[in-house]
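Here's the structure we're looking at; comments come further down.
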Amino acid sequence: MSLHYGLLGLLAGQPASGYDLTRRFEEVLGSIWPAKHPQIYGELNRLANEGLIEVDAEGPRRRKVYRITDTGLADVRRWLAEGPVDHTMRVEPLLRSLFFWLMSPDELAEHLDREVTVYREIAEVYRTYAAAKDRGDFGDSSETRSMRVTIEAAIRLYDALADWAEWAKSARLGNS
């Protein structure tokens, strides 16, 4: 259901094609809330059928640019203000950690080293976005300020996961 509202929210900012929306999901939300091209196009069709978005323009090769309708904007605003929040976090590395005891100490140490590197690299990408936003590279719109809040959450989450993986390395959890 959140892809539904993610697309509506992105379209509330400006009209976009399915390709543009896929790219925006990848750039901004890829490591937090991934959405693949087929999922996005399927959801765009559902949103259009429900009257929440409509085709704003059609370009070469039948490329459609969608825009949010008044009904769609009311729907996303209602979701933000009244909708229940799903606090479930599906973090595969945490699921894997439940079974670290099945790994040898060397395998576990190598795995956790890779995890620390990945988390730090992702946090750094978000820090780059944050710095650009803080410099004003993207203006000072409400949309930009909201995006900055999201980016800060990503930085803190990935830093916390990196710290957790470093801690886990010292916990001697592997199968000996």
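Legend: residues meeting side chain to side chain contact (heavy atoms under 4.5 Å, CB included) with Glu110, ordered by chain and number and at least two apart, are Arg114. Under the side-chain hydrogen bond (donor to acceptor under 3.5 Å, both in side chains) criterion, Glu152 pairs with Arg148, Arg156, not counting sequence neighbours. Scanning for side-chain hydrogen bond (donor to acceptor under 3.5 Å, both in side chains) contacts around Tyr129 gives an empty result, with sequence neighbours left out.
A tilted orientation is assigned to the rings of Trp164 and Tyr119, their planes being inclined by 30° to 60°.
Of the possible polar contacts, none joining the Ser146 side chain to the Glu143 backbone as a donor-acceptor pair under 3.5 Å is found. Side chain of Asn49 to backbone of Asn45: a donor-acceptor contact under 3.5 angstrom is found. Proximity of a side-chain donor or acceptor of Thr69 to a complementary backbone N or O of Gly51 within less than 3.5 Å is detected. Under a 3.5 Å cut-off, the side chain of Tyr19 and the backbone N or O of His37 do not form any donor-acceptor pair.
A chain of hydrophobic side-chain contacts below 4.5 Å, direct or via other Ile, Leu, Val, Met, Phe, Trp or Tyr residues, connects Val118 to Met103. At a threshold of 4.5 Å between side-chain heavy atoms, the hydrophobic network of Ile, Leu, Val, Met, Phe, Trp and Tyr places Leu10 and Tyr5 in one connected group. Note: the hydrophobic cluster containing Met147 also contains Leu3 (ILVMFWY, side chain heavy atoms under 4.5 Å, direct or indirect links). Cluster membership check: Tyr158 shares its hydrophobic cluster with Val91, using side-chain heavy-atom separations under 4.5 Å among Ile, Leu, Val, Met, Phe, Trp and Tyr. One hydrophobic cluster, built from ILVMFWY side chains closer than 4.5 Å, cannot hold both Tyr41 and Leu47; they sit in different ones.
The two residues Ala12 and Ile68 come nearest to each other via the heavy atoms CA-CG2, 3.9 Å. Between Val65 and Pro15, the shortest heavy-atom contact is CG1-CB, 3.7 Å. In plain terms, the two heavy atoms of Asp159 and Ala123 that are nearest each other are OD1-CB, 3.5 Å. Shortest non-hydrogen contact noted between Tyr126 and Ile155 is CB-CG1, 3.5 Å. Among all heavy-atom pairs drawn from Leu11 and Ala16, the shortest one is CD2-N, 3.6 Å.
Under the salt bridge (Lys or Arg N to Asp or Glu O under 4.0 Å) criterion, no residue pair touches residues 8-17, with sequence neighbours excluded. Residue pairs that meet the salt bridge (Lys or Arg N to Asp or Glu O under 4.0 Å) test with at least one member in residues 80-93, sequence neighbours left out, are Glu92-Arg96.
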Donor-acceptor list for residues 54-62 side chains, cut-off 3.5 Å, not counting sequence neighbours:
{"from": "Glu54", "atom 1": "OE2", "to": "Arg67", "atom 2": "NE", "distance (Å)": "3.1"}
{"from": "Glu54", "atom 1": "OE2", "to": "Arg67", "atom 2": "NH2", "distance (Å)": "2.2"}

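Considering only heavy atoms from C-beta on, Asp163 comes within 4.5 Å of Arg120 through its side chain. You'll find the side chain of Ile122 stays beyond 4.5 Å of the side chain of Leu157, heavy atoms only.
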Run the numbers on Leu52 and His4 for side chain to side chain contact (heavy atoms under 4.5 Å, CB included), then give the verdict. CA-CA 10 Å; Leu52 301 174; His4 170 104; 3.5 Å; yes

So Glu115 and Lys169, salt bridge (Lys or Arg N to Asp or Glu O under 4.0 Å) or not? Walk me through it. CA-CA 10 Å; Glu115 291 295 279; Lys169 285 186 340 188; over 6 Å; no

Can Arg24 and Ile40 be said to form a side chain to side chain contact (heavy atoms under 4.5 Å, CB included), step by step? CA-CA 11 Å; Arg24 288 175 72 189; Ile40 288 175; over 6 Å; no

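Dense packing is recorded around CZ of Arg145, with more than 12 heavy atoms of other residues, nucleotides or ligands lying under 6.0 Å away.
Taking CG from Leu21 and CZ from Phe25, the interatomic distance works out to 7.5 Å, rounded to the nearest 0.5 Å. With rounding to the nearest 0.5 angstrom, the CG atom of Leu44 is 4.5 Å from the CD1 atom of Ile53. The structure places CH2 of Trp167 at 10.0 Å from CG of Leu112, a figure rounded to the nearest 0.5 Å. Between the CZ atom in Phe100 and the CG atom in Leu108 there is a gap of 5.5 Å [rounded to 0.5 Å]. The CG atom of Leu8 sits 12.0 Å away from the CZ atom of Arg77 when rounded to the nearest 0.5 Å. Atom CG of Leu73 sits about 10.5 Å away from atom CZ of Arg78, to the nearest 0.5 Å.
With respect to Arg23 and Glu26, no salt bridge is recorded, no charged nitrogen being found less than 4.0 Å from a carboxylate O. Taking 4.0 Å as the cut-off between side-chain N and carboxylate O, Lys133 and Asp140 do not count as a salt-bridged pair.
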